[in-house]
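Single-structure report; data block below.
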Amino acid sequence: MCIDALMDVLQIFREEADRLIKEMGIDHRVDNAKEGFGDFTLPCFSLAKKYHKSPAEIAKELESKIEKTSYFERIEAVGPYLNFHISKTKLAELSLNEILSGNIFNFEKKEKVILEHTSANPTGPLHVGRARNPIIGDTMARILREYGYDVEVQYFVNDAGLQVATLIWGLKNLNYDDVKEAKCDHAYVKYYQEASKLSEMREDVRNEIRAIMQAYESGDPNLKKFIREKIGCVLEGILQSLRRLNIYVDTVVWESDLIPFSKKVAEELSQYVDEDNGAYYIDMEKMGVKIQKNRFYLYRSDGTTLYFLRDIAYHLNKSKIARYLIDVLGEDHKLHFEALKAIVGLLNPNVTIRPLFYAFVSLPEGKMSTRRGRAIYLDDLLDEGYRRAMEILKDRDYPENEARKIAEKIAISSIRYSILNVQEEKPIVFRWDQALSFEGESAPFIIYTFARANSILKKASWNGSYFPELITHPQEYKLLKLMAMYPSVLTESAEKLSPYLLARYAYSLAMQFNQFYRDCPVIMAEDNLKESRLAIVNAFKILMERVIVLLGLEPLEKM
RNA sequence: GGGCGCGUGGCCUAGCCAGGAUAUGGCGGCAGCCUCCUAAGCUGCAGGUCGCGGGUUCGAAUCCCGCCGCGCCCGCCA
């Protein structure tokens, strides 16, 4: 049978169940049943009124009336429910065939999408609070690619803002000989922190910072060269940390390059713009947009542009290359985004802009802040993860360089997974032990399970055959059923912009495999049963590896 | 004050959008399992007024209303 990849195998059985019900003249669709009550169920409560019978009687009656088909091994009334039990043989056949043929991974090709993530101010190293953005963003990009989109990942460098000007002032006016960090993001952050402190206290410093901003916007060539060099170096430090986490950016867009275009955009919007003491703002009410705040400023009174205007220009530019734009943003950007979306939508009605908001990672003592020096840096978290993984590997007999490689992969995977496994809109309070957990709901649990499957396949080679009628164990069935859900999980994750859904699925898959592993011996099974179980393990390996890579984790054949 | 989001055992968390049968798992705690495919695994035990109060419904963790608590926002910052 040929199956549309967008529809998972379970859907075939569901439609069959719906058809059987419809044939009995009942206009209802089946629900998923609870564990232990079959696969689908038809609750009969709502039919009670119409037929003037108890739900249990109705269920019983339907049980006797319903047509027998090969799709279900059993359809039975249990109290007020009519429960459907899928034929294990049929599901095993379809499910294994979909995975082993690779058909399950065939998603239809889709349009281009530009996904923007991170876009952190290049004033210092990425801290863990900010790292939620690239981890979610990168995983989302992987999922959307798998789903068929042509994804371009962009990083928008906020080099034209106040924060960067503050850092530049610090680099020009301060001197710390004791700072010897190799990476610029770490080497310069002290200059940013100290310059921030000084600007809070001294008006002359604030004026000098403003002067830097004005000169940069007006295109002072020496200053531009200086800023690009320094900020470029900080940015490289950030991108290097991201690469260590398997995160890659396709295009870097410098905000300052958009200033001339921003000014044109402001002219286009002039009918909605008002003046306030030499500054200019857009009046949302004039635009017909009802929003919490009415005034969004585009220009300062000194004539320099503001982030809001540059961001509008940036999105308009993006909308020229792709009609679907996705922004990964902290929840503090909600209001900003709402206004931005309304304005860009007015200037270009063809574009779809969707946000992927996430709540912050904070410390028990409060929000992380680079400026105030209250933050845990991503680089330090990675180093600590590596150290802890090495500690565990010490007790096992790995050659030194192999242990190093494995430890690094475990650290990367654990950190990514600890972020991905939490619903995006839930706030996270950072704890070392939770971020670097190696057991339970963690990346090592998932990867270890994958390694177990590999170990079986290394010890017994599969001859390529399988026998659906021998696949009858409940744990075999549960695993195959869960694997068959992959297309709908991926679809939901892509359409709802929620990598977290796939992270949950990865855990369920691993857990289910461990149940199978416990109850269903493979290598010691006989002949055809052994081959059939090897087919399941093989299918699991293929699917699990796919999911691990989609989450940006590192599959290890052995650990 | 207003807007948005979140509130589930000691800690973390699933389910909520599309209301149904014993509320999912993890961490921590206790007790077990390596002559048998890797113990980063598995099994068992203890632990819950699903923030509070109303409402809708045959039925509410789930939907609606009100309240309380926490987070974020309401900048000529980004």
Side-chain angles (χ1 to χ4, degrees), chain A residues 29 31 33-37 41 43-46 48-49 54-55 78-81 83 119-121 123 156 158 160-164 166 210 255 276-281 291-308 310-311 330-336 338 357 359-360 362 366-367 371 389 392-393 396 410 414 421-429 431 433-434 437-449 451-460 496 500 504 507-508 510-511 514-515 517-525 533-534 537 558-559:
Chain A
R29 318 199 67 182
D31 293 339
K34 288 196 77 140
E35 173 88 41
F37 294 96
T41 188
C44 301
F45 303 97
S46 58
K49 256 186 202 156
S54 77
V78 177
Y81 297 89
N83 294 339
S119 300
N121 278 331
T123 50
F156 192 42
N158 309 121
L162 200 56
Q163 280 77 1
V164 160
T166 302
R210 296 215 169 264
E255 212 182 41
D276 167 27
N277 287 320
Y280 292 89
Y281 64 88
I291 190 170
Q292 252 255 308
K293 187 174 77 162
N294 196 38
R295 291 184 176 190
F296 285 83
Y297 281 82
L298 305 179
Y299 282 101
R300 293 186 183 87
S301 48
D302 68 3
T304 54
T305 59
L306 282 153
Y307 165 68
F308 188 65
R310 300 188 298 259
D311 208 23
E331 60 180 347
D332 56 338
H333 277 62
K334 281 186 179 178
L335 189 56
H336 169 92
E338 201 185 334
F357 291 118
F360 289 107
S362 59
K367 197 176 165 180
R371 189 168 47 83
I392 290 175
L393 287 164
R396 306 169 194 209
I410 293 297
S414 300
N421 196 34
V422 180
Q423 229 176 79
E424 289 84 6
E425 60 269 27
K426 290 223 186 194
I428 297 176
V429 177
R431 296 205 167 81
D433 289 337
Q434 191 222 313
S437 165
F438 292 165
E439 40 187 67
E441 283 182 26
S442 68
F445 173 86
I446 293 165
I447 297 166
Y448 173 73
T449 306
R452 271 183 154 179
N454 275 288
S455 172
I456 293 175
L457 293 171
K458 224 173 280 170
K459 287 184 177 162
K496 290 191 173 168
Y500 147 84
R504 294 298 311 169
Y507 179 71
S508 313
M511 199 180 213
N514 281 325
Q515 311 278 317
Y517 184 91
R518 185 191 67 216
D519 295 341
C520 303
V522 178
I523 292 172
M524 291 184 314
R533 286 188 172 164
L534 280 170
V537 176
K558 194 179 142 214
M559 70 182 275

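Note on naming: letters A, B, ... go to the chains in the order of the sequence lines (proteins, then strands), and numbering restarts at 1 for each one.
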Looking at [options], which one has an atom nearest to any side-chain atom of [X]?
X: A:M524; options: B:C72, B:C36, B:U8; result: B:C36
X: A:K496; options: B:A78, B:G26, B:A18; result: B:A18
X: A:I456; options: B:A21, B:C37, B:A40; result: B:C37
X: A:F37; options: B:U22, B:A14, B:C74; result: B:U22
X: A:Q423; options: B:G41, B:A14, B:G5; result: B:A14

Would you confirm whether the ring centroid of A:H336 sits within less than 6.0 angstrom of the ring centroid of A:F308? yes

May I ask you to check whether A:T449 and A:N514 show a side-chain donor-acceptor distance below 3.5 Å? yes

Could you give the CD1-to-P distance, from A:I428 to B:C11, as a whole number of Å? 18 Å

Report the distance from atom NZ of A:K426 to atom C1' of B:G25, rounded to the nearest whole Å. 13 Å

So the stems of RNA chain B, runs of at least three Watson-Crick or G-U pairs (under 3.5 Å), are B:1-7 with B:68-74, B:10-12 with B:25-27, B:29-33 with B:41-45, B:51-55 with B:63-67

Please confirm whether the shortest side-chain N or O distance from A:R310 to OP1 or OP2 of B:A78 is below 4.0 Å. yes

Would you say a side-chain N or O of A:R371 is under 4.0 Å from OP1 or OP2 of B:C77? no

Under 4.0 angstrom, heavy atoms only, what part of the nucleic acid is A:N83 near: base, sugar-phosphate, or nothing? base

Answer with base, sugar-phosphate or nothing: what part of the nucleic acid does A:D276 contact at a heavy-atom distance below 4.0 Å? base

